[in-house]
Number of protein chains: 2
Amino acid sequence: MQKSALYKGCLEPIILQLLKDNGRMYGYQITQKARELTRGHLDITEGALYPLLHRLEEAGILETEIESAGNRMRKYYSLTKAGKKQSVQSFQELQSFIDHLSLIFQPKTA
Amino acid sequence: MQKSALYKGCLEPIILQLLKDNGRMYGYQITQKARELTRGHLDITEGALYPLLHRLEEAGILETEIESAGNRMRKYYSLTKAGKKQSVQSFQELQSFIDHLSLIFQPKTA
DNA sequence: CAGGATACCTAAGATAATTAGGTATCCTGT
DNA sequence: ACAGGATACCTAATTATCTTAGGTATCCTG
């Protein structure tokens, strides 16, 4: 995906939703899960993902635990209490945004 | 709207769709029609609209006719042949993008 | 032991909007 | 008569968000 600029602005709600559904995840895992759920259509680039995760942690939306798998580190992210609220809200925003779009693209059913 | 960054990248398909449905429109009219169809939720800013219209004309997607209503000019935009193709394609892209999003946000129904 | 997958990261550039202006006409109310 | 809101066009500076293109390092398979 990402050929289209449509993707812009959707990354944050996507991440919050994945963390809501899966409890806690590390960065690389998030990219794999998104790819899996969309059968390869959604490719989250690491250059977008990591800076966003850091911003969300900074903002108190996410919290981290670092663990090691063998000799390799994994930084697990999960929703804070504020993050859970945020994930609900961002889902609602996305839902309502899509509803409004459909008023443009399917005016008959309006 | 536009509090959310979701809107980014959607303006072009929206404009193409409105022109497809309404034949020909001038800039200000596009903003009003979008507002009307979404009952006030979609506010297309002129700073985004006009430069985009110019780019689409430059690209041969849109063509213009200037008319005057009283002493005031109106620049009407309509889809070229290439523009009609483009409007179909951009609709399909939007549709498929939303389908993929729904795989993230409603994984049960996948 | 090369190469792909796993796992983290950042910086420079591109893209696409917002914000905040500018110009000018038309119409309504006081 | 004229202030102010709607109509109608436009652009430039800034901001937000992503892509591209790197960098480091471990693990596993052929």
Side-chain angles (χ1 to χ4, degrees), chain A residues 1-16 24-36 40-59 61-62 64-77 90 93-94 97 101, chain B residues 1-16 24-36 40-59 61-62 64-77 90 93-94 97 101:
Chain A
M1 196 178 289
Q2 272 87 308
K3 295 109 197 200
S4 72
L6 297 170
Y7 175 70
K8 267 184 201 276
C10 294
L11 184 54
E12 179 176 327
I14 287 170
I15 288 174
L16 295 181
R24 56 173 220 157
M25 306 178 82
Y26 54 95
Y28 188 75
Q29 189 184 10
I30 290 174
T31 68
Q32 298 312 300
K33 190 67 178 177
R35 201 187 299 277
E36 177 200 328
H41 287 285
L42 179 57
D43 177 34
I44 298 178
T45 61
E46 300 190 338
L49 176 66
Y50 289 114
L52 177 53
L53 287 173
H54 300 163
R55 282 200 298 279
L56 292 173
E57 184 185 5
E58 187 68 25
I61 305 293
L62 302 181
T64 59
E65 296 168 282
I66 295 180
E67 290 186 16
S68 44
N71 249 345
R72 215 145 48 169
M73 81 116 150
R74 283 176 181 168
K75 200 163 161 188
Y76 280 93
Y77 289 87
S90 92
E93 275 171 21
L94 180 64
F97 179 68
L101 272 190
Chain B
M1 194 177 296
Q2 272 88 310
K3 294 108 197 202
S4 72
L6 296 171
Y7 174 70
K8 268 183 201 276
C10 295
L11 184 54
E12 180 176 326
I14 287 170
I15 288 174
L16 296 180
R24 56 172 222 159
M25 305 177 82
Y26 54 96
Y28 188 77
Q29 188 184 11
I30 291 175
T31 68
Q32 298 312 301
K33 189 67 178 177
R35 203 188 298 278
E36 177 201 327
H41 288 284
L42 179 58
D43 177 33
I44 298 178
T45 61
E46 299 190 339
L49 177 66
Y50 289 114
L52 178 54
L53 287 173
H54 300 162
R55 280 198 300 278
L56 292 173
E57 185 184 5
E58 187 68 24
I61 305 293
L62 301 181
T64 60
E65 296 167 282
I66 295 180
E67 291 185 15
S68 44
N71 249 344
R72 217 150 38 173
M73 79 115 148
R74 283 177 180 168
K75 199 164 162 188
Y76 280 93
Y77 288 88
S90 92
E93 274 170 22
L94 180 63
F97 179 69
L101 272 190

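Proteins get letters first, then strands, A, B, ... in listed order; numbering begins at 1 in each. The figures here come from the full heavy-atom set of this structure, side chains too, leaving out hydrogens, waters and symmetry mates. These numbers come from a predicted model, not from an experiment.
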Here the salt bridge (Lys or Arg N to Asp or Glu O under 4.0 Å) pairs for residues 65-76 of chain B, sequence neighbours left out, are B/R24-B/E65, B/R24-B/E67
Verify the contact: side-chain N or O of A/T45 to OP1 or OP2 of D/dC18, cut-off strictly under 4.0 Å; return yes or no.
no
Across all chains, not counting sequence neighbours, the salt bridge (charged side-chain N to carboxylate O under 4.0 Å, His left out) partners of B/K33 are B/E36
Contacts of B/Q29 meeting side-chain hydrogen bond (donor to acceptor under 3.5 Å, both in side chains) (sequence neighbours excluded), chain-then-number -> none
Value for CG (A/L42) from CD1 (A/I14), rounded to nearest 0.5 Å, stands at 5.0 Å
Quick check for you: to the nearest 0.5 Å, what is the distance between A/I15 atom CD1 and A/I61 atom CD1?
12.0 Å
Nearest whole Å is fine: how far is D/dA6 P from B/Q29 CD?
18 Å
Considering only heavy atoms, which members of residues 67-75 of chain B lie under 4.0 Å from some atom of DNA chain C?
B/G70, B/N71, B/R72
Within this structure, what is the NE2-CG distance for the pair A/H54 and A/L49, rounded to the nearest 0.5 Å?
8.0 Å
Under 4.0 Å from OP1 or OP2 of D/dA8: is there any side-chain N or O of B/Y26 that close?
yes
Provide, to the nearest angstrom, the distance between the CG atom belonging to B/L53 and the C1' atom belonging to D/dT11.
14 Å
Any stems for DNA chain D, made of 3 or more Watson-Crick or G-U pairs in a row, each with both distances under 3.5 Å?
C:1-30 with D:1-30
Which residue lies more 5' along DNA chain C, comparing A/G27 with B/E12 via nearest heavy atoms
A/G27
Spacing between A/I66 atom CD1 and D/dT26 atom C1', to the nearest angstrom:
16 Å
Taking all heavy atoms of B/Y28 and all of B/Y50, pick out the closest pair and write down the distance.
N-OH, 3.7 Å
Measuring from A/L11:CG to A/L16:CG, what's the distance to the nearest 0.5 Å?
9.5 Å
d(A/L56 CG, A/L62 CG) to nearest 0.5 Å is 4.5 Å
Starting from P on C/dT6, measure out to OH on A/Y28 and report it in whole angstrom.
3 Å
Rounded off to whole Å, could you give me the NZ-to-C1' distance for the B/K8 and D/dC18 pair?
10 Å
Rounded distance (Å) that lies between atom P of D/dC18 and atom CG of A/L6
13 Å
Would you say that B/L53 contacts B/T64 through its side chain, given a criterion of any heavy-atom pair below 4.5 Å between the two side chains?
no
Atom of B/I30, atom of B/M25 and distance for their closest heavy-atom approach:
CG1-CB, 3.8 Å
For nucleotides 10-13 of chain C, print each protein N/O atom paired with a nucleotide N/O atom at under 3.5 Å, atom names and distance only.
residue	atom	partner	partner atom	Å
C/dT10	OP2	A/H54	ND1	3.4

Once you round to the nearest 0.5 Å, how far does OH of B/Y7 lie from OG1 of B/T45?
6.0 Å
Please report, rounded to the nearest Å, how far the P atom of C/dA17 is from the CD1 atom of B/I44.
10 Å
What is the separation between atom CD on A/E57 and atom P on C/dC8, rounded to the nearest whole Å?
13 Å
Across the strands shown, which category fits B/L52 at heavy-atom distances under 4.0 angstrom: base, sugar-phosphate, nothing?
nothing
